[in-house]
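Here's the structure, in structure tokens; my notes come after.
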Amino acid sequence: MENRNERSSRRRSPGESANKAGNRDRSKGGSRPGKETVGKSESWRESKGGSRPGKETAGKPESWRAGKGGNRPGKETVGKPESWRESKGGSRSGKEPAGKQGSRREGKGGSQSEKRDEFAKAEWGDSFGEQRKGKPGKPASKDFRKKEGMQEKYSNKKDRKEAGNSAWDKKDRKEAGNSVWDKKERKEAGNSVWDKKDRKEAGNPVWDKKDRKKDNPEWDKKDRRKDNPAALAARKLCPVYQKCGGCQLMELAYADQLIEKQKRVEKLLQPFCKVQKIMGMENPVHYRNKVHAVFGHKKDGSVISGTYQEGTHFIVPVDDCLIEDPTADAIIRDIRDLLKSFKIKTYNEDTGFGLFRHVLVRTGFHSGEVMLVLVLGSPILPSKNNFVKALRKLHPEITTVILNINAQKTSMILGEKETVLYGKGYIEDTLCGRTFRISSKSFYQINPVQTEVLYNKAIELAGMTGKERMIDAYCGIGTIGLIASSKAKEVISVELNQDAVRDAIFNAKRNEIKNVRFYQNDAGEFMTEMAQAGEHVDVVFMDPPRSGSDEAFMSSAVSLKPEKIVYISCNPITLARDLEYFTKHGYKPDEAWPIDLFPFTNHVEVVIQMTYCGDKRK
């Protein structure tokens, strides 16, 4: 077997692999083994010609490594003079690449300090020697480092500190604290680093809660809501009321809610007429007879249901709601469990995948009947009969189940197509002594108790004697017209929605009322045609949506010149806007009656009576 010196002196042919062990600088004495030596014993590596000591050499004295042939110096060589390193047969010094010996560095162009010297001499000539002061191996002076254009940051921390934040790097400034770390960086790091002065200058959105709490004028409304006793009490009533956003007045006692709404209505309507005292509820909870729940799922796949956070499509999970019918809430909770049992996937608005989208529950306050509407993204509900059977076993009070198809990417809850899965497809309820059929898409006031108060007050303000001809605009399923029919000679009800008109005709027959006629048409256009035909009416009832009435409708109502207009509004802001138009066209508001149909929310209904003055106002 050839000995170590013979292997060192042997020359490889050009075709031999460069990855073979011992192919580099064996003439220098020693070897840097490649992958083939990993895991081999020391004796094996010696037999192959040298070693690059690894874990076996860690902690061994210099004499031990020298005896093994070759040396990979570690910390012992740092800071040693070049002559010492040369005597040891090469070294790894400073920040030179690991494993590169001194003699090989020289072959590659010299050490790092020598390269820096050559670069500096080329840039600044002989004057550089004065800066170096003839001290080989020592880093360039402060002036040189500052003058050198290659580095944006100076070589050491002291230089950077003296130069200021523009040169002192972020790490240095962070260590020094807020006094040096500039404002922009403190802001990026957040309130924990950004000091109080910075936060205060930026205003409440950034000034943290602790700071704001010390100075109440700066403590913003959001913080106060979280910590005041009213907010804590409200969270006990509804843990999600701040996220849901549906009950804006949850923190106020109900008596204080009525005061707040009274002030708001007076501010808007007192310029037109006297505002009477608001009419509140005796028991202002669980009043909603219509409950909607949107379905989704968490990241782990578990089904959730609830309501959209105000202004978003983020689902806030809800199990019980203070203002919703408890029967509806219980049905929705059980549907969540059934979806898991039947392995029905919920709909994903972002991807468009999934099946189950919404649930709508309508309950009859007096009749006790319950309608359940399942809104799907597809007309196929797996095991629909078994699903309905299982649900009715849990809730026998359900009288009808409807499958509604909404395959559109829209904010609308209900689609156009429907299929009745169980029951007659509608429910019935009693209001002001009349029985009404309510379908899934029918408009029907959500608070049946206060709706009776509202409609009775509206009919009272109309002051009819049984001889009047009246129009019920926006009639819906005919509630106001049918209830007022006993006080009028003739009632003309107009509604654009076809399904609502169909229900209204059924309701008139159901209640055996014969002095009411229904028309499917736009109410404004219908009244304009009546005026052009020279027809006359005595009273107009109008109950527009929250956006109020448009000028075309009001113009048509004015053209008929009825003696009285009774305006039922669910938005006092748009009511005040519309009153300006009516007052300019000969109508005088007599009085306004606020009626609270929506406890714990900002909404309030107002019914107002206007009398035609004609030439008297002119």
Side-chain angles (χ1 to χ4, degrees), residues 246 288-297 303-309 311-316 318 324-325 328-329 331-332 334-336 338-339 342-363 369-388 391-392 398-427 436-446 474 476-477 495-504 506 520 522 545-547:
R288 287 188 65 98
N289 59 12
K290 179 181 178 181
V291 177
H292 161 248
V294 57
F295 277 68
H297 56 271
V303 179
I304 59 173
S305 65
T307 183
Y308 287 124
Q309 185 173 341
T312 73
H313 270 213
F314 174 77
I315 300 176
V316 178
V318 177
E324 293 176 351
D325 189 297
D329 288 338
I331 292 172
I332 292 169
D334 288 332
I335 289 176
R336 288 203 309 257
L338 287 177
L339 292 182
F342 281 81
K343 298 181 180 180
I344 298 174
K345 299 294 183 181
T346 57
Y347 182 80
N348 187 312
E349 281 191 335
D350 296 327
T351 64
F353 292 106
L355 178 65
F356 208 90
R357 300 187 68 164
H358 306 274
V359 164
L360 180 67
V361 182
R362 305 191 79 153
T363 57
E369 296 182 3
V370 177
M371 173 196 296
L372 174 63
V373 183
L374 308 175
V375 184
L376 308 183
S378 166
I380 301 175
L381 176 64
S383 304
K384 61 182 180 182
N385 293 332
N386 291 331
F387 185 89
V388 172
L391 186 58
R392 288 203 67 253
I398 296 176
T399 56
T400 186
V401 180
I402 300 170
L403 180 64
N404 182 276
I405 314 303
N406 185 0
Q408 303 297 320
K409 289 187 176 182
T410 175
S411 59
M412 299 294 292
I413 297 173
L414 298 178
E416 293 296 326
K417 296 181 180 180
E418 288 186 345
T419 302
V420 178
L421 301 181
Y422 173 80
K424 52 191 178 182
Y426 60 89
I427 61 172
F436 295 94
R437 183 171 84 170
I438 307 165
S439 62
S440 62
K441 300 178 183 179
S442 298
F443 171 77
Y444 191 73
Q445 292 283 5
I446 62 166
Y474 309 104
I477 60 174
E495 171 60 45
L496 187 60
N497 184 281
Q498 183 178 359
D499 295 330
V501 173
R502 184 185 65 245
D503 288 341
F506 176 89
Q520 182 191 346
D522 177 81
R546 196 174 300 279
S547 58

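In this chain, numbering begins with 1 at the start of the sequence shown. From a predicted model like this one, the values you see are computed outputs, not experimental measurements.
With N406 contributing its side chain and M412 its backbone, the two residues share a donor-acceptor pair below 3.5 Å. The closest donor-acceptor contact from the side chain of E495 to the backbone of G476 lies under 3.5 Å. Side-chain atoms of N289 come within 3.5 Å of backbone atoms of Q445 as a donor-acceptor pair (strictly under, hydrogens ignored). At distances below 3.5 Å, not a single donor-acceptor pair connects side-chain atoms of N348 with backbone N or O atoms of F353. Looking at S442, its side chain never comes within 3.5 Å of a backbone N or O of Y444 through a donor-acceptor pair.
What you find for S305 and I315 is that their closest heavy atoms are C-CG2, 4.5 Å. Nearest heavy atoms, P382 versus L355: CD-CD2, 3.7 Å. Between D503 and S439, the closest heavy-atom pair is OD2-OG, 2.8 Å. Y474 approaches P545 most closely through the heavy-atom pair CE2-CD, 4.3 Å. The shortest non-hydrogen separation linking G425 to V420 is CA-CG2, 3.9 Å. Heavy atoms only, all atoms of each residue included: A328 and V361 are closest at CB-CG1, 3.6 Å.
In this structure, OG1 on T419 lies 7.0 Å from NZ on K384, to the nearest 0.5 angstrom. Note: D329 CG to R288 CZ = 11.0 Å, rounded to the nearest 0.5 Å. Rounding to the nearest 0.5 angstrom, the gap separating the CZ atom in F443 from the NZ atom in K290 is 8.5 Å. Rounding to the nearest 0.5 angstrom, the gap separating the CG atom in N385 from the OH atom in Y422 is 12.5 Å. In this structure, I427 CD1 and I438 CD1 are separated by 4.5 Å, a value rounded to the nearest 0.5 Å. If you take CG on L360 and NE2 on H292, they are separated by 7.5 Å, rounding to the nearest 0.5 Å.
When side chains are defined from C-beta on, L381 counts as touching I344, because their heavy atoms get closer than 4.5 Å. Between F356 and V303, every side-chain heavy-atom pair lies at or beyond the 4.5 Å cut-off. Contact check for T400 versus Y426: no side-chain heavy atoms found under the 4.5 Å cut-off. In this structure the side chain of H358 never reaches within 4.5 angstrom of the side chain of Y347, judged on heavy atoms.
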Legend entry - side-chain contact (heavy atoms from CB on, under 4.5 Å) evaluation trace for L421 with F387: CA-CA 10 Å; L421 301 181; F387 185 89; over 6 Å; no

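Every residue meeting the side chain to side chain contact (heavy atoms under 4.5 Å, CB included) condition with A504, not counting sequence neighbours, appears here in chain and number order: F518. Remark: V318 pairs with V240, T307, C321 by the side chain to side chain contact (heavy atoms under 4.5 Å, CB included) rule, at least two apart or across chains. Qualifying side chain to side chain contact (heavy atoms under 4.5 Å, CB included) partners for E416, counting only residues two or more places apart in sequence or in other chains: K441. When the side chain to side chain contact (heavy atoms under 4.5 Å, CB included) test is applied to R502, the partners found at least two apart in sequence or on another chain are R437, D499. In this structure H297 satisfies the ring-ring contact (aromatic ring centres under 6.0 Å, His included) test with no other residue, sequence neighbours excluded.
By the 6.0 Å contact criterion, NZ on K424 is enclosed, its count of non-hydrogen atoms from other residues, nucleotides or ligands being greater than 12.
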Donor-acceptor pairs under 3.5 Å, side chain of residues 369-380 to any protein atom, not counting sequence neighbours: which ones?
{"from": "E369", "atom 1": "OE1", "to": "E428", "atom 2": "N", "distance (Å)": "2.9"}
{"from": "S378", "atom 1": "OG", "to": "I380", "atom 2": "N", "distance (Å)": "3.4"}

